[in-house]
**Q** 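Take this structure first; my questions come after.
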Amino acid sequence: MADWTDCLNFGISIAKQASEVILSAFQQQKEVKLKSSPADLVTETDQRVEKILISAIRNRYPHHRCIGEESVAAGECVKLTDAPTWIIDPIDGTVNFVHRFPFVAVSIAFTVNQQTQFGIVYSCVEDKLFHAQRGGGAFLNGEPLHASGQEDVSRCVVVTEIGAERDDLALSTMTSNIFRLLKLPVRGVRALGTAAVDMCQVATGGADAYYHIGMHCWDIAASAIIVQEAGGVVMDTDGSPFDMMSRRVIAASSCIVANRISQVIQAFPCRRDDEDPERCMCGASGVKRL
């Protein structure tokens, strides 16, 4: 079995370099562009940080592949192969970054044979470095992480996001999901504005579950293995095995909590990250095939 520790250490070093760029721009005025909706933003810093990360990776590991949020936004296809692949979100929480709301993160996952080997989430303003390596446990600033193990959903704090989708079906589904959870009841629902940091709260035990529909593989690939290595569980919102390309996820303190949440929430149609965008697109009425 290959040891990817060198890659992990390199990933941590470039995440810290990226954080310096983000923090230097955090208090500055940003030039903002829209992508898919008024809540789906990109700044020059997002693009600059991704270029820095991918350039560093390609210089060090020329045969490795990269999947980056802004590269995909610019037209690259998402294709996860068996080759060593880095999955990158240069700034998870761009809306937060634009508004100087202090939860923004660099998220880096590394896969081989389509299986995640390690994940890194660096919450820049908080100076919190989450990381995990397959079989090696999960850590926050070097200290071991452990999920809460909570099995009683009525004692759970649940984290989620409204997300960038703004069509009627997506909005009504997401808001009704929150209503149904509160009626279970759960103890509370929270949102930090960054899927990667949200999900890591389950690994810390500070939250007991996270769910979302409509995020992308670069948002949750790293935090998924962090939750798993902290003793939590990760699955699809329908209770099936987790698939980072499906754009649906539940992360929880226990199987009991994850399954209970999967029985309550509903999903709206989303094109898979690895589906050909020329053949399928998301619209207000769901998935439209051409």
Side-chain angles (χ1 to χ4, degrees), residues 87 92 107 109 111 114-116 118-119 121 130-132 134-135 137-140 144-163 170 173-192 194-270 272-273:
I87 302 175
D92 190 43
S107 179
T111 70
Q114 301 184 48
Q115 184 179 57
T116 307
F118 63 76
V121 173
F130 301 87
H131 82 274
R134 181 165 297 279
F139 300 87
L140 168 56
L145 288 175
H146 303 285
S148 70
Q150 181 61 254
E151 296 185 342
D152 183 347
V153 75
S154 70
R155 297 183 177 183
C156 287
V157 169
V158 179
V159 192
T160 191
E161 295 293 339
I162 296 298
T173 302
M174 288 185 286
T175 54
S176 63
N177 282 339
I178 294 172
F179 175 84
R180 283 190 288 270
L181 282 172
L182 290 171
K183 293 295 287 184
L184 271 176
V186 297
R187 189 160 279 172
V189 176
R190 302 289 185 266
L192 298 177
T194 152
V197 177
D198 283 343
M199 205 161 165
C200 284
Q201 303 314 303
V202 179
T204 68
D208 306 290
Y210 166 80
Y211 76 92
H212 195 34
I213 302 108
M215 75 293 149
H216 296 278
C217 59
W218 44 80
D219 296 314
I220 46 86
S223 48
I225 192 170
I226 293 170
V227 170
Q228 290 167 329
E229 288 295 324
V233 298
V234 182
M235 63 172 64
D236 196 295
T237 55
D238 64 6
S240 62
F242 173 61
D243 175 358
M244 74 170 74
M245 295 294 167
S246 75
R247 301 180 65 194
R248 301 187 302 266
V249 67
I250 295 173
S253 54
S254 65
C255 287
I256 292 174
V257 166
N259 286 324
R260 187 69 184 96
I261 291 173
S262 74
Q263 293 167 3
V264 172
I265 63 172
Q266 298 176 356
F268 55 87
C270 284
R272 289 176 56 86
D273 277 332

**Q** Using side-chain contact (heavy atoms from CB on, under 4.5 Å), reason through R187 and S154 one step at a time and then give a plain yes or no.
**A** CA-CA 6 Å; R187 189 160 279 172; S154 70; over 6 Å; no
**Q** For the residue pair Y210 and H212, does the interplanar ring angle fall in the parallel (under 30°), tilted (30 to 60°) or perpendicular (over 60°) class?
**A** tilted
**Q** Looking at every heavy atom in both D208 and S148, which two are closest together, and how far apart are they?
**A** OD1-OG, 2.7 Å
**Q** Test D273 against M244 for side-chain contact (heavy atoms from CB on, under 4.5 Å), laying out the working first.
**A** CA-CA 8 Å; D273 277 332; M244 74 170 74; over 6 Å; no
**Q** Please report the closest heavy-atom contact between I250 and A258, naming both atoms and the distance.
**A** CD1-O, 3.8 Å
**Q** Look only at the side chain of E229 and the backbone of G135, and say whether a donor-acceptor pair between them is shorter than 3.5 Å.
**A** yes
**Q** If we ignore hydrogens and angles and just use 3.5 Å, is the side chain of R180 paired with the main-chain N or O of V264 as donor and acceptor?
**A** yes
**Q** Using the rule given for side-chain contact (heavy atoms from CB on, under 4.5 Å), can you reason through T116 versus I87, listing the C-alpha separation, both sets of side-chain angles and the distance that settles it, and then say yes or no?
**A** CA-CA 10 Å; T116 307; I87 302 175; over 6 Å; no
**Q** Return the minimal non-hydrogen interatomic distance between M199 and V227, and the atom names on each side.
**A** O-CG2, 3.3 Å
**Q** Looking at every non-hydrogen atom in both residues, tell me the closest pair between A222 and A109 and how far apart they are.
**A** N-CB, 3.6 Å
**Q** Going from CG on L145 to CD on Q201, what distance comes out if it is rounded to the nearest 0.5 angstrom?
**A** 10.0 Å
**Q** Determine whether a donor-acceptor pair (N or O, by modelled atom type, separation under 3.5 Å) exists between the side chain of D92 and the backbone of A195.
**A** yes
**Q** Would you name the heavy atoms of Q266 and T173 that are closest together and state the gap between them?
**A** O-CG2, 3.4 Å
**Q** Does E161 reach the main-chain N or O of L192 with its side chain, forming a donor-acceptor pair under 3.5 Å?
**A** yes
**Q** Please report the closest heavy-atom contact between E151 and I256, naming both atoms and the distance.
**A** O-CG2, 3.3 Å
**Q** Tell me whether T160 contacts the main-chain N or O of Y211 through its side chain, where contact means a donor paired with an acceptor under 3.5 Å.
**A** yes
